[in-house]
**Student:** 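Below you will find the structure I want to go over with you.
We name chains A, B, ... by the order of the sequence lines, and we start the count at 1 in each one.
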Protein chains: 2
Amino acid sequence: MNIEIASRQLEALGNPTRLGLYRTLVRAGGAGLSVGTLQEKHEIPASTLSHHLRRLIDTGLVTQERQATTLICRAHYPSMNALVGYLVDECCADVGCIVPSSETAA
Amino acid sequence: MNIEIASRQLEALGNPTRLGLYRTLVRAGGAGLSVGTLQEKHEIPASTLSHHLRRLIDTGLVTQERQATTLICRAHYPSMNALVGYLVDECCADVGCIVPSSETAA
DNA sequence: ATGCTATTTCGATATTCATGGAAATAAACT
DNA sequence: AGTTTATTTCCATGAATATCGAAATAGCAT
């Protein structure tokens, strides 16, 4: 992880539409969701959706796998881990300031 | 925290120059750094720097405090906490996937 | 009030981004 | 080969961003 990659990923998530898409994919878990399902859930034109997905894929935050005619999209957790880790490391380099907000999980 | 705020903060960090500035401020800790010092460290024109800082301030990631003629900038840790917490919560809503990468810090 | 230092705002330009309809491609089925 | 479904690429357009010199402002010192 470096500042170039981190900033590109942050920028990819720094758009409400894309962040919403990513959130949906994260919540969908390992099964993922097809492009068409994402389109229905978010009610955006196919071409617009495709542009946003490309951005998420190009930055490594999302992966796609073809299943016949449909494309399954999945959040790529390792990338998210690395990004959050980068932010946390930067923050905690000098100050112990990160307090996990979801104590329920691990 | 909501998706609007989160995406605006992510976008603010999603620019290599701003992420670099933020990183410098985070590492500077509670003492913060003056705008002039940031300018020297990053070697960018004053007006450009000012625009970037405004963006970080408007999104709540950075605060400024006047000390005579100089303005001291500080990373606002609670905002960073909330943002990282949002990402982690989203991620861990369905899957336990976040592994803290800096085990040294608490 | 004038000058000096620190920083922001103004104004202008080039680049990138977001959006979405229409056409093209991919993959299966007939 | 032709059709249908799923998705992307092409193309165009308006909006937002990034950059930075020059002028303006803020605050202190003289």
Side-chain angles (χ1 to χ4, degrees), chain A residues 3-25 28 31-76, chain B residues 3-25 28 31-76:
Chain A
I3 201 164
E4 303 289 335
I5 293 172
S7 67
R8 267 172 44 84
Q9 291 182 334
L10 289 166
E11 194 212 26
L13 295 175
N15 169 284
T17 302
R18 280 194 297 271
L19 185 55
L21 290 169
Y22 185 71
R23 196 169 91 128
T24 301
L25 286 177
L33 290 173
S34 71
V35 175
T37 305
L38 278 172
Q39 188 185 352
E40 285 169 18
K41 279 183 185 281
H42 287 259
E43 293 186 331
I44 51 182
S47 61
T48 304
L49 172 60
S50 188
H51 288 308
H52 284 307
L53 284 176
R54 167 174 300 289
R55 191 76 154 275
L56 291 169
I57 292 161
D58 284 350
T59 53
L61 290 166
V62 166
T63 61
Q64 272 185 342
E65 180 202 354
R66 184 136 229 152
Q67 284 186 0
T69 53
T70 70
L71 277 170
I72 304 298
C73 306
R74 294 188 184 87
H76 190 243
Chain B
I3 201 166
E4 303 289 335
I5 294 174
S7 67
R8 268 172 44 86
Q9 291 182 334
L10 289 166
E11 195 213 26
L13 295 176
N15 169 283
T17 302
R18 279 194 299 270
L19 186 55
L21 289 169
Y22 185 71
R23 194 168 93 127
T24 301
L25 287 177
L33 290 173
S34 71
V35 175
T37 305
L38 278 172
Q39 188 185 351
E40 285 170 18
K41 280 183 185 282
H42 287 259
E43 293 186 331
I44 52 182
S47 61
T48 303
L49 172 59
S50 187
H51 287 306
H52 283 308
L53 285 176
R54 168 175 300 291
R55 190 77 152 275
L56 291 169
I57 291 160
D58 284 349
T59 53
L61 290 166
V62 165
T63 61
Q64 272 186 340
E65 181 201 354
R66 182 136 232 152
Q67 284 185 2
T69 53
T70 70
L71 278 171
I72 303 298
C73 307
R74 292 188 184 87
H76 190 241

**Student:** Does anything in residues 33-50 of chain B come within less than 4.0 Å of DNA chain C? Heavy atoms only, and list the residues if so.
**Tutor:** B:Ser34, B:Val35, B:Gly36, B:Ala46, B:Ser47, B:Ser50

**Student:** Just checking B:Arg74: does its CZ atom have more than 12 heavy atoms from other residues, nucleotides or ligands closer to it than 6.0 angstrom?
**Tutor:** yes

**Student:** Is it the case that A:Ser47 and A:Ser50 place a side-chain donor and acceptor less than 3.5 Å from each other?
**Tutor:** no

**Student:** Nearest 0.5 angstrom please: A:His51 NE2 to A:Arg55 CZ, how far?
**Tutor:** 11.0 Å

**Student:** When you measure from every atom of DNA chain C, which of residues 64-75 of chain B have a heavy atom less than 4.0 Å away?
**Tutor:** B:Gln64, B:Thr69, B:Thr70, B:Leu71

**Student:** Can you tell me the distance, in whole Å, between the CG atom of A:Asp58 and the P atom of C:dT16?
**Tutor:** 15 Å

**Student:** Drop me the distance from A:Leu38's CG to A:Glu43's CD, to the nearest 0.5 angstrom.
**Tutor:** 13.0 Å

**Student:** Could you list, one pair per line, each protein nitrogen or oxygen that sits under 3.5 Å from a nitrogen or oxygen of nucleotides 15-17 of chain D, together with the distance?
**Tutor:**
| residue | atom | partner | partner atom | Å |
| --- | --- | --- | --- | --- |
| D:dT17 | OP1 | B:Glu11 | OE2 | 3.3 |
| D:dT17 | OP1 | B:Arg55 | NH2 | 3.4 |

**Student:** Return the OG1 to OH distance between A:Thr59 and A:Tyr22, rounded to the nearest 0.5 Å.
**Tutor:** 9.0 Å

**Student:** If you measure from CD on A:Gln9 to CG on B:Leu10, what distance do you get to the nearest 0.5 Å?
**Tutor:** 11.0 Å

**Student:** Can you tell me how far apart OG1 (A:Thr63) and NE2 (A:His76) are? Round to the nearest 0.5 Å.
**Tutor:** 6.5 Å

**Student:** Given atom CG of A:Leu21 and atom P of C:dT19, what is their separation to the nearest angstrom?
**Tutor:** 10 Å

**Student:** Does a side-chain heavy-atom distance below 4.5 Å link B:Cys73 with B:Val62?
**Tutor:** yes

**Student:** Are the side chain of A:Thr24 and the backbone N or O of A:Gly20 linked by a donor-acceptor pair below 3.5 Å?
**Tutor:** yes

**Student:** Hey, could you give me the CG/CG distance between B:Leu61 and B:Leu19, rounded to the nearest 0.5 Å?
**Tutor:** 10.5 Å

**Student:** May I ask you to evaluate whether A:His51 reaches the phosphate of D:dC10, defined as a side-chain N or O under 4.0 Å from OP1 or OP2?
**Tutor:** no

